[in-house]
Structure formats: structure tokens, C-alpha cells
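Below is one structure, written out as C-alpha cells, with a few remarks after it.
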2 protein chains.
Amino acid sequence: MDPEGSAGPGTVRPGGRTARVRAAVLRAAEDALAEQGFASLDLADIARRADVGRTTVYRRWGTLHNLLSDLLRDMAEQSLPRTNTGSLVGDLTANAKLVRRTLTDPRQGALFKALIAAATCDTRTAEALQRFYDARIKEWAPCVQRAIDRGEVPEGTDTHEVIRAVSAPLYYRLLISGDPLDRTTAERAAEAAAAAASAGAFVRANRRREQRDDRG
Amino acid sequence: MDPEGSAGPGTVRPGGRTARVRAAVLRAAEDALAEQGFASLDLADIARRADVGRTTVYRRWGTLHNLLSDLLRDMAEQSLPRTNTGSLVGDLTANAKLVRRTLTDPRQGALFKALIAAATCDTRTAEALQRFYDARIKEWAPCVQRAIDRGEVPEGTDTHEVIRAVSAPLYYRLLISGDPLDRTTAERAAEAAAAAASAGAFVRANRRREQRDDRG
DNA sequence: GAGTTAACGAAACTGGAGGACCGTTATGGA
DNA sequence: TCCATAACGGTCCTCCAGTTTCGTTAACTC
């Protein structure tokens with residue numbers, strides 16, 4: 001009756017078949033999203049791909065958005081390698097290259113596009129997407145913290161914001177401009193973020209700015 | 001039989017009723033997109049809002065994507081005010097504030113979200129979206145050119161890329177992170193883009209980089 | 001290893017989105 | 001002013017996504 005979250009830890013019998021079905025459906029959903037995007041997508045097709053009964057998918061997830069939220073929760077749990085090159089630009093460049101590799105991969109790029117599109121239509125999916133990116137960004141934030149410790153970047157810098165600044169231009173290309181995501185773009189994004197961070201552009205609790213914001 | 005683009009200049013009787021219907025439907029589509037997003041949207045609802053027969057909408061546009069492409073074409077024709085403050089940071093800040101105002105407006109923000117989501121699902125809509133942003137960016141590129149002429153920014157700088165760099169972090173917040181689009185964010189985006197431009201980050205035909213790209 | 005029941009799946013049902021048909025309106029041309 | 005017809009709109013029809021029903025399978029318990 002209340003399918004939301006029922007696919008998660010709330011299930012009474014999470015082992016064996018249930019877990020297999022969940023995994024198969026989530027993989028099928030990824031495939032379907034990557035291949036045909038978000039709009040022309042129905043649960044029946046996903047069920048067919050997963051070799052699972054239509055009814056099961058409708059009952060356990062109910063709506064497409066519940067399924068995608070669950071998929072994002074699942075994706076957030078898989079972690080990716082970080083790096084430690086010794087310099088902020090080095091680490092940010094590694095991050096930019098990783099993001100670029102992901103987004104230029106036909107399957108993954110299409111998948112992320114579709115998930116972001118889905119998030120624009122549904123609040124719960126949007127929250128799941130935010131949690132996913134928060135998890136990813138948390139993994140990379142330490143490289144900015146190390147830069148602070150080394151004195152490369154001013155104290156009080158918003159570490160998460162620096163990581164986000166690397167991704168922003170790459171996602172802009174993916175979603176809006178459609179320009180190719182080449183190496184140059186990735187390196188430029190990393191260098192620009194590093195430069196801005198060093199210049200103190202991401203220091204939070206910036207008095208002057210906050211006062212201006214309060215007045216406006 | 002071939003509805004694609006038939007709502008545009010291809011119509012045989014573009015005056016009077018036809019034009020009225022087109023305008024009403026496009027406005028209704030905007031409303032519907034802004035209010036309920038892209039996913040839960042059907043042409044029947046749009047027809048009702050426009051006070052127009054369902055059949056008309058299906059015949060003239062056929063699919064939702066044709067309608068949205070047409071809407072984007074229409075939006076691209078409406079131009080917005082530019083500025084000339086005398087400095088690159090000033091102009092870019094004005095641009096950032098304009099973009100921020102647009103995206104924080106509940107109606108417009110939702111509309112752009114929905115259009116971007118639609119573009120991820122359909123190539124033709126994606127092209128229309130790119131044309132729309134190209135038009136907008138072309139209007140602002142001259143302020144970067146003036147900065148080049150003043151010697152504020154190196155020769156050979158990709159003017160369009162600088163303008164895009166201002167928007168990227170704002171759209172990242174709108175679509176992905178969900179963080180509030182406050183004044184600070186807009187100013188920071190403008191300052192970061194200006195700083196990166198001055199440092200020569202957007203100079204195209206950068207030999208060293210291109211060679212590296214060729215090798216990779 | 002036997003019983004209980006959560007979870008799955010096949011088949012039949014239903015509502016509404018999208019399309020076909022055809023009469024009506026009003027535009028552009030003479 | 002009148003005609004030809006492009007374009008609109010009401011009605012009916014079709015098809016399929018999403019739901020309900022009920023029998024089957026296989027986790028968990030003791």
C-alpha cells in the first residue's frame with residue numbers, strides 16, 4: 001500500500017530472490033535510461049529487460065520516480081577512487097578527468113543526463129540526486145582540505161564548493177551547450193577552479209559579501 | 001502529414017487565427033511546463049489551457065518535442081537588455097545577476113528546468129535549446145570583445161566561452177546541487193569568470209593544449 | 001523439513017492519451 | 001463581395017500504460 005522505500009531496508013524478506021530482483025531491475029533501469037532517455041520509459045519495458053514480472057515492478061516501486069530514487073541511492077553507495085597528487089591543481093585535474101571520462105562514456109553520459117532530467121520533474125528524485133552528488137563530493141573534498149593545510153588555499157575555503165566548481169562547466173556542456181567534452185575543457189575547468197580557490201573566491205563567511213546580501 | 005516545422009514559416013495562412021492559436025498554445029505550453037514540469041505533460045492539457053481544440057495541437061505539432069522546439073525558437077527571438085559598465089567584471093556581474101533573476105523566478109526557473117530536461121530526451125529539442133542559448137550568448141559576447149579591445153583580456157580569447165563560464169555554476173545549482181541561487185553565488189561566478197579570462201584561460205588555439213589533445 | 005506468509009508472476013480489466021474522420025469557420029485571393 | 005480551401009474543432013475509436021485479482025514460488029521460523 002505504501003511502496004515508498006519498501007525496496008530498501010524496510011522489506012521483510014530482503015534476502016535471496018528479493019535482492020536478486022532488486023538488483024536486476026536497477027540494472028535494467030540503468031540500461032533503459034541510458035538507451036532511450038527518461039521520457040520514453042515505462043516500467044513494463046524495464047521489467048522485460050530484468051526478466052521480471054511487470055506486476056512486481058509496479059508493486060515494489062509504484063512509480064518511475066520511486067525507482068529512480070532507489071537507483072540513485074544504490075549508485076551513491078558505490079564509491080570511486082580518489083587521488084593524492086600533492087598539489088591542488090593536480091588533484092582537481094584528476095577529478096575533472098574522472099568526471100569527463102564518466103560523462104563522455106556513451107552509456108554513463110546518457111544515464112546521468114536522464115537522471116538529472118528526472119530530478120527536474122520530481123522533488124524526491126531531486127533529493128536523491130543531491131544526496132548522490134553530496135556523497136561523491138565528500139569523497140573529493142579532502143584534497144581541498146589538504147591544500148588548505150599546505151597553505152595553498154586560504155583558511156575557511158568551502159571545500160565542497162571548489163569540487164563543484166570543477167564539475168559545473170562540464171555539466172553545462174553535457175546538458176546545455178552540447179559542445180564536446182574534450183581534454184582541454186576538463187583541464188581548463190580544474191585550473192580555473194584551482195586559481196579561483198587560491199584567490200580566495202570560495203572562502204565562506206565572507207563578511208563584506210554577506211552584509212551586502214543581507215541588505216539586498 | 002509532415003507536421004515538423006509546419007507551425008513556423010512553412011504555414012500557408014500564417015495571419016489572423018493561425019497566429020493567434022500559435023501564440024496561445026505556446027503561452028499555454030510555457031505555463032504547463034512551469035507548473036507541472038516536463039514529465040506529467042500532455043498536449044490535451046495544453047490545448048485546454050490555450051482554449052483551443054485538442055485536434056489542432058496534435059495536428060500542428062504532433063509531438064510534445066515539436067511543440068517545445070517551436071517554443072524555444074519563439075523564445076530565442078525575444079531579446080534581452082545588455083549592459084556596458086566599462087569593465088569586464090561589471091558586465092559579467094550584470095549578466096550573472098540577470099541569469100540569477102531569471103532562474104530564481106519561480107515560473108521562469110521551472111520553465112528552464114523543464115526545457116533542459118526535455119532537451120536531454122530529444123535531439124531536435126536539444127538543437128533548439130542550443131540555438132536559444134547561442135542567441136543569448138551572442139548578445140553578451142561583445143562585452144568580452146570590448147574587454148579584449150581595452151587590453152583587459154588577452155587576444156584570441158573565446159568570447160562565448162567566457163559568457164558560458166558565468167552561467168555554468170548557476171545552472172549547476174539549479175539542476176544538480178539544489179543550493180540556493182543567492183547574490184553571492186552570482187557575483188562569485190562573474191568574478192571567477194573574469195579572473196580566469198584575464199589569466200588567459202579562455203584563449204583558444206592554445207598550441208600546447210591542442211597538441212596534447214591530439215596525442216591523447 | 002514442514003508450515004507460514006512475504007514476495008513474485010500470469011491474465012484479465014480499465015481509463016485516458018493520442019489519432020482518424022468529417023463538418024465548420026474564416027483567411028487570402030479574385 | 002464571393003469563392004476556394006487552409007486551418008480549426010467536436011466526436012468517436014484505438015491501443016497501451018498502469019492496476020487489480022488470484023494462484024504460485026520460495027524466504028524465514030521453529
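Proteins get letters first, then strands, A, B, ... in listed order; numbering begins at 1 in each. Keep in mind that what you see is a predicted model, and the values were worked out from it rather than measured.
- Checked for salt-bridge contact, B:Glu161 and B:Arg204 miss the test: no charged N lies under 4.0 Å from a carboxylate O.
- For B:Lys97, the side chain to side chain contact (heavy atoms under 4.5 Å, CB included) partners two or more places apart in sequence, or in a different chain, are B:Thr93, B:Arg101, B:Glu187.
- Scored by the ring pair (Phe, Tyr, Trp, His ring centres under 6.0 Å) test, B:Phe112 finds B:Phe132 as partners (sequence neighbours excluded).
- Closest approach of A:Ser177 to B:Arg164, counting heavy atoms only: CB-NE, 3.9 Å.
- With rounding to whole Å, B:His65 atom NE2 is found 15 Å from C:dG18 atom C1'.
- With sequence neighbours excluded, the residues forming a side chain to side chain contact (heavy atoms under 4.5 Å, CB included) with B:Arg17 are B:Arg20, B:Val21, listed by chain and number.
- A heavy-atom distance below 4.0 Å to DNA chain D is reached by these residues of residues 35-56 of chain A, ordered by number: A:Asp42, A:Leu43, A:Arg54, A:Thr55.
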Report each atom pair, protein N/O against N/O of nucleotides 22-25 of chain C, whose distance is under 3.5 angstrom.
from	atom 1	to	atom 2	distance (Å)
C:dT25	O2	B:Arg17	NH2	3.1

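- A donor-acceptor pair under 3.5 Å is formed between the side chain of B:Thr85 and the backbone N or O of B:Asp91.
- Ring orientation note: the planes of B:Tyr172 and A:Tyr133 are nearly perpendicular, at an angle over 60° on the 30°/60° scale.
- Salt bridge B:Arg188/B:Asp182: absent, no basic N to carboxylate O contact under 4.0 Å.
- Between B:Arg60 and D:dC8 there is a side-chain N or O to OP1 or OP2 distance below 4.0 Å.
- Atom CZ in B:Arg20 sits roughly 14 Å away from atom P in D:dA7 (whole-Å rounding).
- Not a single donor-acceptor pair under 3.5 Å links the side chain of A:Thr185 to the backbone N or O of A:Leu181.
- Judged purely by atom type and a 3.5 angstrom limit, A:Thr120 uses its side chain to pair as donor or acceptor with the backbone of A:Ala117.
- Each end of the helix from C:dG1-D:dC30 to C:dA30-D:dT1 gets its own axis, taken as the rotation carrying the C1' atoms of four end pairs onto the next four within a five-pair window, and the two axes meet at 50° to the nearest 10 degrees.
- Side chain of A:Arg54 to backbone of A:Ala47: no donor-acceptor contact under 3.5 angstrom is found.
- Taking only side-chain nitrogens and oxygens, B:Tyr58 comes nearer than 4.0 Å to OP1 or OP2 of C:dG18.
- In this entry the distance linking CG of A:Asn66 with P of D:dG18 reads 13 Å, nearest Å.
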